[in-house]
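Structure, as structure tokens:
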Amino acid sequence: MSGERKLAIGALALRNPVLTASGTCGYGLELARYFDIAMLGGVCTKGVSLEPRAGNPPPRVCETPAGMLNAIGLANVGLEAFLAEKLPKLQAAGATVFANVLGTTPAEFERLARKLDGRPGLHALELNLSCPNVKEGGLRLGTDPGRVREAVAAARGATKLPLVAKLSPETHDIGALARAAADGGADAVSVMNTIRGLAIDVRTRRPRLGNVMGGLSGPAIRPLAVRLVFEASRAVSIPVIGVGGVARWEDAVEMMLAGATAVQVGTASFVHPRAPLDVLVGLDAYCKEQQLAYHDLVGAVCLD
Amino acid sequence: MRILSLHVLHRKALPGGYAVLRLGGEPLEAEPGQFVMVRGDWGFSPLLPRPFSLALVEGNELTLLVKAVGEGSRRLAAVQRGDTLTVHGPLGTAFRKPERGERLLLVGGGVGIAPLLFLARVAKPSRGGGLAAIYGGRTRRDLPMAAELAAAAENVTFITEDGSAGEKGLASDAMQALLARPRFDRVVACGPWSMMAAAAKLAADKGVPCEVSLEAMMACGYGICLGCAVPTPGGGYLYACSDGPVVDAGRVVWEAGDVEPVASAKPMREKRRAAPRKARKPEGTS
Ligand SMILES: Cc1cc2nc3c(=O)[nH]c(=O)nc-3n(C[C@H](O)[C@H](O)[C@H](O)COP(=O)(O)OP(=O)(O)OC[C@H]3O[C@@H](n4cnc5c(N)ncnc54)[C@H](O)[C@@H]3O)c2cc1C
Ligand code: FES
């Protein structure tokens with residue numbers, strides 16, 4: 001397919017612009033039972049922290065109009081188990097692996113980056129600067145440009161791996177967050193993480209999630225994500241990865257027209273395990289029909 | 001597991017908002033206890049597929065028992081013959097295969113009967129042991145597929161809370177009586193959380209192994225969202241869709257309460273942690 005002209009995150013050339021979104025594909029291996037995950041541009045793992053985390057009390061998910069709320073609480077196997085059990089299998093599957101890492105302080109991001117640097121089978125890091133579901137760090141760190149720059153710089157000093165900074169939508173100035181990430185040394189930014197929401201059961205008068213609030217995802221948030229991608233891509237020269245409600249190939253094209261160099265498919269994988277592949281196949285067919293390369297779409301929205 | 005596009009071959013509506021669906025078109029190999037994620041072609045709302053236990057799989061046909069409780073299940077319960085559904089499965093763990101001579105006691109409540117019926121139907125020919133069942137519900141309308149169960153198990157006790165069918169009481173009352181007499185080698189329970197909790201406790205008290213089929217809110221059904229957490233002793237969680245739904249009852253912290261909010265959830269007052277502290281007195285609740 002026509003993607004030759006530079007589709008890259010830092011030094012990492014991507015096969016194509018369709019990735020999975022962190023937290024919606026497990027460690028990637030679960031999807032490998034449904035299709036060849038090496039066909040994707042990348043697989044972005046569940047957020048990995050230094051220590052294992054059990055996660056939040058249930059219920060952790062509930063459906064909302066054209067979307068869902070989740071408060072998983074970053075349940076994950078921890079860095080050691082990720083390296084010992086998950087990464088070798090991802091490598092064997094031939095996947096382009098983006099390890100999503102979760103820290104609450106710049107020092108933690110530095111340690112995570114140091115420990116992951118140079119690991120065979122690992123291609124890039126995505127710094128989760130914006131998880132809405134943990135009390136410490138997470139959102140607070142991710143909405144302050146100064147802290148974002150610090151956290152990215154801390155990781156940058158500890159690894160040569162391409163770095164992607166995943167940004168929070170809970171800001172009035174996504175451009176400032178994107179610039180801060182770029183200043184800190186990020187090779188790309190992912191826009192956006194989930195945005196906090198709340199759903200209440202009117203019969204029981206209880207929140208529908210054990211954690212009360214959760215992150216909203218799915219088609220419902222796509223217009224917000226497209227707008228933020230549009231703004232972020234005009235603020236920085238590094239690539240923007242569009243995330244938020246991409247479920248069909250048309251959504252990927254829309255994200256790219258808004259300014260995304262690549263996209264991540266998230267909640268759609270819950271609905272259909274082959275969703276990321278279907279998005280890719282549709283995107284390729286569209287590009288072929290229109291005789292376009294991927295990069296021709298990036299930021300190509302007509303504004304006049 | 002696979003993603004199938006199946007046709008509705010037959011739909012039987014039952015009183016109380018229940019429907020028995022027979023789907024077919026492609027072969028599926030599954031064992032009792034496993035479930036499928038089901039969705040119609042209805043755009044982005046409802047978005048997520050919904051989990052349903054397999055009530056029977058025979059060749060190219062599978063049977064589901066659906067209770068309409070919300071938007072997704074209401075749509076499924078109302079499908080028409082010829083409609084197409086996307087069915088992802090089989091998913092999750094199955095009940096242990098009954099051993100020769102093993103005596104099973106099945107304890108089901110409401111739609112929880114579905115996987116037990118599947119078990120009873122395939123266990124019967126190879127049995128040699130025994131297959132008793134207790135089937136409980138609120139009223140006689142809440143015992144869907146009772147006739148099918150009566151045909152598949154040799155000794156069925158029906159019990160309703162209002163006494164409108166069978167004995168009057170809870171499934172756990174009937175279980176207490178049955179466990180007092182002959183020895184069973186295993187209890188297999190599926191139904192509301194409170195019923196399974198009671199079954200787990202009674203079985204443990206008698207030293208009888210107990211398997212349960214868990215329900216939890218699920219987004220994906222195949223282990224990628226980590227949404228279906230159920231508390232385990234020791235402070236962690238198991239995942240109902242991939243570690244379960246069938247697990248040994250001892251792996252669950254039953255006191256953690258209703259992780260399954262379902263229709264059985266009672267109106268809550270302020271005592272719950274997350275209840276709004278300054279909320280006005282509820283009007284018209286209880
Ligand atoms: C492994 C498994 C097997 C199941 N088997 C059957 C079956 O054979 N027959 C059957 O009728 N139902 C079964 N269920 C429950 C069924 O999945 C839910 O009733 C259904 O998902 C509700 O969707 P809804 O859109 O109608 O309800 P919603 O509008 O989403 O919610 C309505 C009510 O149902 C509750 N609910 C939603 N999803 C679930 C869920 N996954 N589990 C429990 N409660 C839920 C909600 O909290 C709410 O109280 C099973 C659930 C699981 C996890
Ligand atoms: S429902 Fe997604 S992990 Fe169990």
Side-chain angles (χ1 to χ4, degrees), chain A residues 20 23-31 33-34 46 52-76 200-214 217-220 222 245 247-248 266-274, chain B residues 1-3 37 39 43-50 70-72 86 88 91 216-232 234-242 253 256-263 265-276 279-280 282 285:
Chain A
T20 62
T24 60
C25 60
Y27 297 94
L29 302 162
E30 292 80 354
L31 290 188
R33 289 182 274 163
Y34 298 87
K46 177 85 197 149
R53 297 177 69 119
N56 286 332
R60 291 180 175 183
V61 290
C62 77
E63 178 151 339
T64 54
M68 61 176 284
L69 289 170
N70 87 80
I72 306 302
L74 297 158
N76 80 93
I200 301 169
D201 186 315
V202 297
R203 279 184 308 111
T204 63
R205 295 193 295 124
R206 284 155 60 190
R208 296 181 74 100
L209 295 179
N211 189 50
V212 185
M213 280 185 265
S217 67
R222 200 179 74 237
R248 309 162 304 175
T267 300
S269 295
F270 299 163
V271 182
H272 200 298
R274 269 198 310 263
Chain B
M1 79 305 296
R2 306 169 53 205
I3 300 153
M37 294 295 281
R39 193 172 187 280
F44 286 148
S45 245
L47 180 67
L48 302 166
R50 300 291 195 260
E71 184 59 22
T86 303
H88 175 197
L91 298 163
M217 293 294 289
M218 292 184 175
C220 72
Y222 66 108
I224 62 167
C225 75
L226 306 187
C228 58
V230 176
T232 53
Y237 297 96
L238 64 78
Y239 292 97
C241 72
S242 36
V253 181
D258 249 344
V259 291
E260 140 224 37
V262 254
K266 303 252 171 5
M268 286 297 158
R269 299 260 178 151
E270 286 69 14
K271 66 178 184 182
R272 281 295 175 122
R273 173 175 46 99
R280 277 178 295 150
T285 48

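Chain letters run A, B, ... following the sequence lines, proteins first and then strands; every chain starts at 1.
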Inset, instruction - Give the intermediate values and the outcome of side-chain contact (heavy atoms from CB on, under 4.5 Å) for residues B:Leu48 and A:Val61. - result: CA-CA 11 Å; B:Leu48 302 166; A:Val61 290; over 6 Å; no

Legend entry - Spacing of B:Arg50 atom CZ and A:Glu63 atom CD [to the nearest 0.5 Å]: 4.0 Å

Inset, instruction - Apply side-chain contact (heavy atoms from CB on, under 4.5 Å) to B:Cys225 and A:Asn70, showing your working. - result: CA-CA 9 Å; B:Cys225 75; A:Asn70 87 80; over 6 Å; no

Legend entry - Shortest non-hydrogen contact from B:Tyr239 toward A:Ala54: OH-O, 4.0 Å

Legend entry - Options A:Ser269, A:Ala75, A:Ala268, ranked by heavy-atom pairs under 4.5 Å with chain B, top entry: A:Ser269

Inset, instruction - Determine the minimum heavy-atom distance between A:Ile72 and B:Leu226, stating which atoms define it. - result: CD1-O, 3.4 Å

Inset, instruction - Sort out for me which of B:Pro46, B:Gly43, B:Gly70 touches chain A most, counting heavy-atom pairs under 4.5 Å. - result: B:Pro46

Inset, instruction - State, with a plain yes or no, whether a side-chain heavy atom of A:Pro57 is found less than 4.5 Å away from one of B:Tyr237. - result: yes

Legend entry - Segment of A:Tyr34 engaging chain B (4.5 angstrom heavy-atom cut-off): side chain

Legend entry - Shortest non-hydrogen contact from A:Pro273 toward B:Ile3: CD-CD1, 3.6 Å

Legend entry - Shortest non-hydrogen contact between A:Cys62 and B:Met217, atoms and distance: CA-CE, 4.4 Å

Legend entry - Any donor-acceptor pair under 3.5 Å from A:Glu30 side chain to B:Tyr222 backbone: no

Legend entry - Most contacts with chain A, counted as non-hydrogen pairs under 4.5 angstrom, among B:Gly72, B:Gly235, B:Gly227: B:Gly227

Legend entry - Least distance between heavy atoms, B:Pro49 atom then A:Val271 atom: CD-CA, 3.8 Å

Legend entry - Best-contacting candidate, B:Met1, B:Arg2, B:Met37, against chain A by heavy atom pairs under 4.5 angstrom: B:Met1

Inset, instruction - Check each atom of A:Ala247 against the heavy atoms of chain B and say whether the ones under 4.5 Å are side chain, backbone, both or neither. - result: side chain

